[in-house]
Enquirer: 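The following block contains the structure, expressed as structure tokens.
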Amino acid sequence: MCGIVGIVGHSHVNQAIYDALTVLQHRGQDAAGIVTCDGDRLFLRKDNGMVRDVFRNRHMRRLVGNMGIGHVRYPTAGSSSSAEAQPFYVNSPYGITLAHNGNLTNSEALAEHIFRADLRHINTTSDSEVLLNVFAHELQLRGKLQPEPDDIFDAVAAVHRRVEGAYAVVAMITGYGILAFRDPHGIRPVCFGKKDTEQGPEYMVASESVALSSLGFHLERDLEPGEAVYITADGQMHTRQCADNPQLSPCIFEHVYLARPDSIMDDISVYKARLRMGEKLAEKVEREWPDHDIDVVIPIPDTSRTSALQMANRLNVKYREGFIKNRYIGRTFIMPGQQMRRKSVRQKLNAIELEFSGKNVLLVDDSIVRGTTCHEIIQMAREAGARKVYFASAAPAVQFPNVYGIDMPAADELIAHDRSVEEVCRIIGADRLIYQDLEDLVSACKEGNSRITEFDCSVFNGVYLAGNIDQDYLQNLEQRRNDLAKSAREQARALAENEVIDLHNSN
Ligand SMILES: O=P(O)(O)OC[C@H]1O[C@H](OP(=O)(O)OP(=O)(O)O)[C@H](O)[C@@H]1O
Ligand SMILES: NC(=O)CC[C@H](N)C(=O)O
Ligand SMILES: [Mg+2]
């Protein structure tokens with residue numbers, strides 16, 4: 001996941017985009033960028049770091065113009081070099097900038113084809129730069145001095161035919177308008193909304209509705225899978241379905257962990273979905289462990305709070321905030337590198353001993369992925385004097401890699417891969433481990449919108465709906481992007497980054 005935003009307004013949009021990016025910060029902590037357009041000029045600032053660190057006053061002052069797009073990045077392809085921070089820019093046709101959430105599964109083949117057939121040069125290892133160039137090429141083919149909405153939509157339709165994987169995209173055509181589109185499976189989210197002002201309506205697109213509501217925009221709706229919305233610089237909105245066979249199968253992990261609870265995604269309240277996850281998990285405990293001896297339910301802050309609370313209610317057991325989170329440390333799961341993640345769990349969470357001492361505690365987390373958090377937390381609960389430490393996960397066991405925009409490329413790094421529940425329980429050091437059943441997770445989400453017939457549940461069931469994902473693909477991905485390979489690459493890059501050349505392209 002990453003966070004994307006685009007605004008067409010009646011006054012400078014820099015501050016609004018900045019504010020939206022801070023609201024979407026939970027979707028990417030590695031890099032941030034904003035590009036604005038004033039007349040026919042673009043102004044871009046992007047770098048590694050959190051939003052508050054990347055944009056200083058001197059940058060904000062220069063980001064002038066009434067339309068712009070922004071991005072917060074959590075890398076899933078290429079490297080974490082600042083050269084791969086987004087938005088990306090290509091000068092022809094018109095000058096297009098683009099920000100992408102998701103992950104392309106055929107980007108290598110596309111990059112090769114772009115070079116050989118389309119005569120375009122890709123300067124980084126980012127899949128998003130490939131996506132931008134495919135779109136730019138397809139738009140160039142229309143050969144118009146001034147693109148009409150249908151030219152733009154035709155180019156998006158061609159993108160859908162060439163590109164595989166997951167992509168929610170916002171792009172800006174210099175001087176003309178802002179475009180957003182969603183892949184034909186709608187795996188990653190993107191919605192749009194409107195704000196009425198005295199000068200007329202302003203439009204905004206964003207990964208999550210929380211960005212719209214916090215800026216006073218009214219959520220119109222999510223983009224349909226395969227659909228595109230184009231808002232011209234003078235405030236005309238156009239939409240078109242650009243895919244031949246759209247089939248909504250949104251990523252269920254958004255509801256488990258990625259999204260903020262105060263977002264509505266594909267008409268599902270993330271908050272309510274998490275409440276229902278807690279309820280269903282409680283039902284499973286009642287079913288399979290009717291004579292349980294749980295004294296207290298304790299969430300692992302932040303994300304599991306909602307489901308843990310409802311689980312405690314349903315079990316009729318006390319709910320206590322036994323761990324306090326240091327609010328200045330970001331999300332650990334989306335940090336690059338296992339060493340950093342492990343250290344952060346201890347820095348981030350601290351136990352209140354009196355809530356543990358002599359008690360049988362049920363710790364609840366939204367998910368167990370690499371097992372970093374639960375392993376540390378269970379030890380901390382024991383050090384705080386717990387008698388028994390049980391552990392429950394509001395999601396089923398994460399057993400398969402993700403190829404659609406969550407950086408879990410290596411099956412071996414997933415604690416539940418090829419292991420039974422008992423084995424995982426032993427490794428994390430719990431006295432009992434309970435996972436949500438997949439059908440319960442699906443129905444917890446589906447209850448919010450029964451029109452969704454299918455979710456992307458690939459991390460739980462290994463079924464990959466988009467792209468041609470086979471064992472070869474997964475093996476290759478694992479070799480390129482496992483933690484070891486990434487850290488070797490990042491070390492080499494850190495050394496080289498001291499000598500950035502003018503054309504910034506270090507990996
Ligand atoms: O098994 P793991 O590999 O540790 O991954 C799962 C954990 O990581 C996430 O927390 P994170 O700290 O990223 O964010 P949060 O504060 O939103 O819960 C998630 O909520 C789990 O707690
Ligand atoms: N998490 C994402 O959506 C990442 C977008 C893109 N694949 C990148 O690595 O920059
Ligand atoms: Mg967590």
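Quantities reported herein were computed from a predicted structural model and do not represent experimental measurements. We count ligands from 1, going down the list as the structure has it; atoms in each ligand are counted the same way. FYI, side chains are in, hydrogens and waters are out, and symmetry mates aren't considered; it's all heavy atoms of this structure.
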Enquirer: Heavy-atom contacts with Lys348 under 4.0 Å: which atoms of ligand 1 show up? List them by number with element.
Expert: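 Ligand 1 atoms under the 4.0 Å threshold to Lys348: 11 (P), 12 (O), 14 (O), 16 (O).
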Enquirer: Can a donor-acceptor pair be found, under 3.5 Å and without considering hydrogens, that links the side chain of Arg73 to the backbone of Cys2?
Expert: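 No; judged by distance alone, with no hydrogens or angles, the pair does not exist.
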Enquirer: Among Gly102, Gly78, Ala168, which residue places a heavy atom closest to atom 3 (O) of ligand 2?
Expert: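 Looking at heavy atoms only, the winner is Gly102.
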Enquirer: For ligand 1, which atoms sit closer than 4.0 Å to a heavy atom of Asp302?
Expert: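 Going through ligand 1 atom by atom, the ones under 4.0 Å from Asp302 are 15 (P), 16 (O), 18 (O).
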Enquirer: Contact between Glu84 and ligand 2, counting heavy atoms under 4.0 Å?
Expert: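 Contact check Glu84 vs ligand 2: negative.
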Enquirer: Quick one: does Ser126 get an N or O within less than 3.5 Å of an N or O on ligand 2?
Expert: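 Among all N and O atoms of Ser126, none is under 3.5 Å from an N or O of ligand 2.
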Enquirer: Can you tell me which residue pairs pass the salt bridge (Lys or Arg N to Asp or Glu O under 4.0 Å) test with a partner in residues 23-36, sequence neighbours excluded?
Expert: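 Output for this query lists Arg27-Glu208, Arg27-Glu254.
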Enquirer: Taking distance alone, with N or O pairs closer than 3.5 Å, would you say Thr303 contacts ligand 1?
Expert: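 Between Thr303 and ligand 1 (N or O atoms, distance only) the closest approach is under 3.5 Å.
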Enquirer: Atom 22 (O) of ligand 1: which of Thr373, Val345, Asp365 has the nearest heavy atom?
Expert: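 Residue with the shortest heavy-atom distance to the ligand atom: Asp365.
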Enquirer: Below 6.0 angstrom between ring centroids: does that apply to His160 and Tyr167?
Expert: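 Yes, they do, as the ring centres are separated by less than 6.0 Å.
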Enquirer: Which of the atoms in ligand 2, numbered in the order shown and given with their element, are less than 4.0 Å from a heavy-atom of Tyr74?
Expert: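 Near Tyr74, meaning under 4.0 Å from one of its heavy atoms, ligand 2 has 1 (N), 2 (C), 4 (C).
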Enquirer: Tell me which protein heavy atom sits closest to atom 1 (N) of ligand 2, plus the residue, atom name and distance to 0.1 Å.
Expert: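 Nearest neighbour among protein heavy atoms for atom 1 (N) of ligand 2, to 0.1 Å: Met1 O, 2.5 Å.
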Enquirer: Which protein non-hydrogen atom lies closest to atom 7 (N) of ligand 2, naming both residue and atom, and how far is it?
Expert: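 Of the protein heavy atoms, Asp127 OD1, 2.8 Å lies nearest.
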Enquirer: Mark up the atoms of ligand 1 that fall under 4.0 Å of a heavy atom belonging to Ser367, in ascending order.
Expert: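 The list of qualifying atoms is 6 (C), 21 (C).
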Enquirer: Going by the order shown, which atoms of ligand 1 are within less than 4.0 Å of some heavy atom of Gly371?
Expert: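 Those atoms are 1 (O), 2 (P), 3 (O).
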Enquirer: Which ligand 1 atoms does Ile368 reach within 4.0 Å, using its non-hydrogen atoms?
Expert: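 Taking each heavy atom of Ile368 in turn, ligand 1 has 1 (O) under 4.0 Å.
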Enquirer: For ligand 2, which atoms sit closer than 4.0 Å to a heavy atom of Asn103?
Expert: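 With Asn103 as reference, the close atoms of ligand 2 come out as 7 (N).
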Enquirer: Would you check whether Ala77 has a nitrogen or oxygen atom less than 3.5 angstrom from a nitrogen or oxygen atom of ligand 2?
Expert: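 Among all N and O atoms of Ala77, at least one is under 3.5 Å from an N or O of ligand 2.
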